[in-house]
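To find a chain, count down the sequence lines: A is the first, B the second, and so on, and within it residues start at 1.
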Amino acid sequence: MLDIKILRENPEAAKTKWASRGLDVDVDALLAKDERRRQLITELEELQRTRNASSKEIGMKKKAGEDASEAMAAVREIGEQISAFEKEKAQVIEDLDAQLLSLPNFPHESVPVGHSEADNPVIRTWGSPVEMDFEPKPHWELAEALGIFEFERAAAISGAGFSCLTGPAARLSRGLISFMLDLHTSEHGYTEVAVPLLVNDEALTGTGQLPKFAEELYRIPEDDLWLIPTAEVPLTNLYRDHIFDESELPCNLTGHTPCFRREAGAAGKMTRGMNRLHQFDKVEMVKFVQPSESYAELEKLTGHAEAVLQKLGLHYRVITLCTGDIGFSSAKTYDIELWAPGQQAWLEVSSCSNFEDFQARRAKIRYRKDQGKPEILHTLNGSGVALPRLLVAIMEQGQQADGSIVLPEILRPYLGGMERISAEG
RNA sequence: GGAGAGGUGGCUGAGUGGUCUAAGGCACCGGAUUGCUAAUCCGGCGUAGGAUGAAUUUUCUACCGGGGGUUCAAAUCCCCCCCUCUCCGCCA
């Protein structure tokens, strides 16, 4: 949510920033509504002040045994006016909030202007494609030959878009989760947290998934709960309504959860294999930081996600999302993409974003400097990283001519010494 | 799921319709004092919003788990919901 004061001070700048995201916002209508809101507050408070004073007088008169029926009638009338004003005020605030909650964040000035993902610049590439003297296969062909995926069985119990890993693939997935969490906690300064997977409306509103993206979420109507689409939601909302002391920042959290996404708008993009699933595992990193530090922290956060891939020896690249492609809540986002040689495609495995105060204002996450007033802080998060596509890249980049897969050396302690996945077992 | 108890400021805790303008204590901040590592005294000390202003100004309003209601007036009375604790039931 944007601060209405910013709109008030510089409506033209706001229009320009939203326009860079391809959005035409009627800022003047918002400001008119805000003007009405403040007018109502002023009038309402004046009435309340009068009522408070009169009621106090009635109390004193009654105590003194005097007749107060005239004053009581007068105050009753004020009370009716107050009710009317309160009704209108509630309506205006509801309208205004609904509109403000549906408006995306402003892109940071360093974000390149563009219309679509085609305009996202690559800012660096790490490693190089593995030399192969054979035609690399996509992971689903490798998996079939190795007998380590059971997609048909997953479909039978849950439908399309669900995966089932068996034997070495399941072990590899579990080992990767442990490896990533260990790396973030022991070398990058994060605290591991195990969080709920079902959350309420308020949590999803805080991080920006609601009210706009309800159709992307799985919902449990009986209990008014939703399955989380990412650990960002519970991790960030852990500190909803919290005021940090300056000395507690930056606060870095990491956690592994399954993520549940309906992928409602992506029907045509449901490709084979594990590129896109309704349920997948992910290790997430979340940061609460002072506003002055948030862009430096974004670079660190991105580095922490990259460290995972570097230690695994995987070829990847980092791109900056342009103004037309950046997410709703984000002010700046780097995507990290792994090379999948069997598909000749780059697969997004991490999205690292600085939300500035957008989420923190919604979720009322603040910090206190010295003895001063609480101020809204900045939140960031990034995948560190998503499991299925990581698995895909390990398989496709590690594949051998005989169809076996050589696993990254650093994972071996997590895999009971397993060095490769082969048909012989 | 059933029965009972409870939810008040950073913490503790009083308050059962009208100076509640939420007591007291702890913690914290500022000052004073005593030379002894701490005590004493004085003052300050919540959040959000509106108006005002040169201002770290002045002032008003709201907030006692959340939402509704009764009343001239609600922390206080009534209704619904949420959460915590104890016991019972069920259960990995």
Side-chain angles (χ1 to χ4, degrees), chain A residues 1-9 30-101 194-206 210 219-226 234 237-249 251 258 288 357 359-377:
Chain A
M1 173 147 57
L2 275 305
D3 190 349
I4 188 80
K5 283 179 195 156
I6 290 173
L7 299 189
R8 224 147 45 194
E9 282 159 18
L30 284 173
L31 290 179
K33 192 145 272 185
D34 176 55
E35 177 66 34
R36 179 65 185 148
R37 179 184 66 91
R38 285 184 293 153
Q39 204 175 65
L40 282 167
I41 287 173
T42 305
E43 289 171 21
L44 182 60
E45 288 184 351
E46 178 60 28
L47 285 170
Q48 285 171 324
R49 198 178 61 78
T50 312
R51 178 177 66 179
N52 290 346
S54 302
S55 286
K56 200 167 277 179
E57 277 173 35
I58 292 168
M60 291 193 288
K61 271 188 184 172
K62 286 203 161 185
K63 213 169 230 177
E66 294 171 34
D67 174 55
S69 53
E70 200 172 310
M72 281 165 65
V75 177
R76 192 199 307 269
E77 228 167 88
I78 294 174
E80 279 160 15
Q81 285 180 55
I82 286 175
S83 299
F85 274 106
E86 274 176 345
K87 224 173 178 179
E88 188 184 347
K89 189 184 104 179
Q91 188 60 49
V92 167
I93 287 177
E94 196 187 316
D95 285 359
L96 194 58
D97 281 353
Q99 288 177 46
L100 287 174
L101 283 171
V195 290
L197 308 181
L198 295 172
V199 297
N200 58 27
D201 287 37
E202 290 74 34
L204 286 157
T205 305
L210 288 180
R219 178 156 180 250
I220 316 286
E222 291 83 353
D223 299 290
D224 283 325
L225 292 170
W226 311 72
N237 281 288
L238 278 181
Y239 291 105
R240 179 145 43 108
D241 287 321
H242 182 70
I243 301 175
F244 282 94
D245 188 81
E246 186 182 17
S247 64
E248 297 172 298
L249 302 179
C251 172
F288 303 91
D357 61 6
Q359 293 182 328
R361 178 168 298 109
R362 289 172 164 239
K364 295 192 181 66
I365 308 171
R366 292 168 292 175
Y367 77 107
R368 194 188 299 276
K369 238 183 201 169
D370 297 321
Q371 300 294 311
K373 284 266 173 199
E375 292 174 44
I376 311 267
L377 50 68

Visitor: Just how far, in rounded Å, is P of B/rG66 from CZ of A/Arg240?
Guide: 14 Å

Visitor: Nearest to the side chain of A/Lys62, which nucleotide is it out of B/rU47, B/rG49, B/rG18?
Guide: B/rG18

Visitor: What integer distance in Å separates A/Met60:CE from B/rG18:P?
Guide: 14 Å

Visitor: Please give the distance between the P atoms of B/rC45 and B/rU58 as a whole number of Å.
Guide: 12 Å

Visitor: Could you check how far CG of A/Asp201 sits from C1' of B/rG66, rounded to whole Å?
Guide: 14 Å

Visitor: It should be established whether A/Arg368 places a side-chain nitrogen or oxygen under 4.0 Å from OP1 or OP2 of nucleotide B/rG46.
Guide: no

Visitor: Of the nucleotides B/rG49, B/rC72, B/rU21, which one has an atom closest to the side chain of A/Ser55?
Guide: B/rC72

Visitor: B/rC72, B/rC60, B/rA48: which one has an atom nearest the side-chain heavy atoms of A/Glu45?
Guide: B/rC60

Visitor: Ignoring hydrogens and angles, tell me if any N or O in the side chain of A/Asn200 forms a donor-acceptor pair with the backbone of A/Ala203 under 3.5 Å.
Guide: yes

Visitor: Tell me yes or no: between the side chains of A/Gln99 and A/Asp95, is some donor less than 3.5 Å from an acceptor?
Guide: no

Visitor: Which one, B/rC72, B/rG49, B/rA48, comes nearest to the side chain of A/Pro374?
Guide: B/rA48

Visitor: For A/Ile78 and B/rU61, give me the distance from atom CD1 to atom P, rounded to whole Å.
Guide: 13 Å

Visitor: Using atom names, set out every protein N or O paired with an N or O of nucleotides 78-83 of chain B below 3.5 Å, distance rounded to 0.1 Å.
Guide:
none

Visitor: Under the criterion salt bridge (charged side-chain N to carboxylate O under 4.0 Å, His left out), I'd like the reasoning laid out for A/Lys89 against A/Glu86: C-alpha separation, chi angles, the key distance, then a yes or no.
Guide: CA-CA 5 Å; A/Lys89 189 184 104 179; A/Glu86 274 176 345; over 6 Å; no

Visitor: Give a yes/no on whether any side-chain N or O of A/Arg38 is located under 4.0 angstrom from OP1 or OP2 of B/rA51.
Guide: yes

Visitor: Say we look at B/rU76 and B/rU8: how far apart would their C1' atoms be, to the nearest angstrom?
Guide: 12 Å

Visitor: Could you give the CD-to-C1' distance, from A/Glu248 to B/rG10, as a whole number of Å?
Guide: 12 Å

Visitor: For nucleotides B/rG18 and B/rU71, find the distance between their C1' atoms and express it as a whole number of Å.
Guide: 12 Å

Visitor: Once you round it to whole Å, what is the distance between P of B/rG18 and CD of A/Glu66?
Guide: 19 Å

Visitor: Using a 4.0 Å heavy-atom cut-off, does A/Thr42 contact any base of the nucleic acid, only the sugar-phosphate backbone, or nothing at all?
Guide: sugar-phosphate

Visitor: Roughly how many Å apart are B/rA3 and B/rA62, using the C1' atom of each and rounding to a whole number?
Guide: 38 Å

Visitor: Any base atoms under 4.0 Å from A/Ile58, or only sugar-phosphate, or nothing? Heavy atoms, all strands.
Guide: base

Visitor: Regarding A/Arg36 and A/Gln39, do their side chains bring together a donor and an acceptor under 3.5 Å, going by distance alone?
Guide: yes

Visitor: Measure from CD on A/Glu43 to P on B/rA51 and round the result to the nearest Å.
Guide: 12 Å

Visitor: Within less than 4.0 Å of OP1 or OP2 of B/rU47, is there a side-chain N or O belonging to A/Lys373?
Guide: yes

Visitor: My understanding is that a pair needs two contacts under 3.5 Å, Watson-Crick or G-U wobble. By that rule, which nucleotide pairs with B/rU58?
Guide: B/rA51

Visitor: Quantified in whole Å, what is the P atom distance between nucleotide B/rG2 and nucleotide B/rG13?
Guide: 30 Å

Visitor: Taking B/rG46 as the reference, what is the distance to B/rC41 when you measure between their P atoms (whole Å, please)?
Guide: 22 Å

Visitor: Given atom CG of A/Asn52 and atom C1' of B/rU19, what is their separation to the nearest angstrom?
Guide: 13 Å

Visitor: Should the pair A/Phe244 and A/Tyr239 be assigned to parallel (<30°), tilted (30 to 60°) or perpendicular (>60°) ring geometry?
Guide: tilted

Visitor: Looking at the side chain of A/Lys5, which of B/rC72, B/rU61, B/rG49 is the nearest nucleotide?
Guide: B/rG49

Visitor: If you round to the nearest 0.5 Å, how far is CD of A/Gln48 from CD1 of A/Ile78?
Guide: 11.5 Å

Visitor: What integer number of Å spans the C1' atoms of B/rG7 and B/rA14?
Guide: 15 Å

Visitor: Between A/Arg76 and B/rA73, is there a side-chain N or O to OP1/OP2 distance below 4.0 Å?
Guide: no

Visitor: Check whether any side-chain N or O of A/Arg362 sits under 3.5 Å from a backbone N or O of A/Thr205 as a donor-acceptor pair, and report yes or no.
Guide: yes

Visitor: On RNA chain B, does the nearest nucleotide to A/Ala73 precede the nearest nucleotide to A/Ile41 from the 5' side, or the other way round? Give the residue.
Guide: A/Ile41

Visitor: Under 4.0 Å: is that the gap between some side-chain N or O of A/Arg51 and OP1 or OP2 of B/rA73?
Guide: yes

Visitor: Charged N to carboxylate O below 4.0 Å: is that the case for A/Arg219 and A/Asp224?
Guide: yes

Visitor: Rounded to the nearest 0.5 Å, what's the gap from CD1 on A/Ile58 to CD on A/Glu70? Could you check?
Guide: 11.0 Å

Visitor: Please tell me if A/Lys61 has a side-chain N or O lying less than 4.0 Å from either OP1 or OP2 of B/rC72.
Guide: no

Visitor: Expressed as a whole number of Å, how far does the C1' atom of B/rA23 sit from that of B/rU12?
Guide: 13 Å

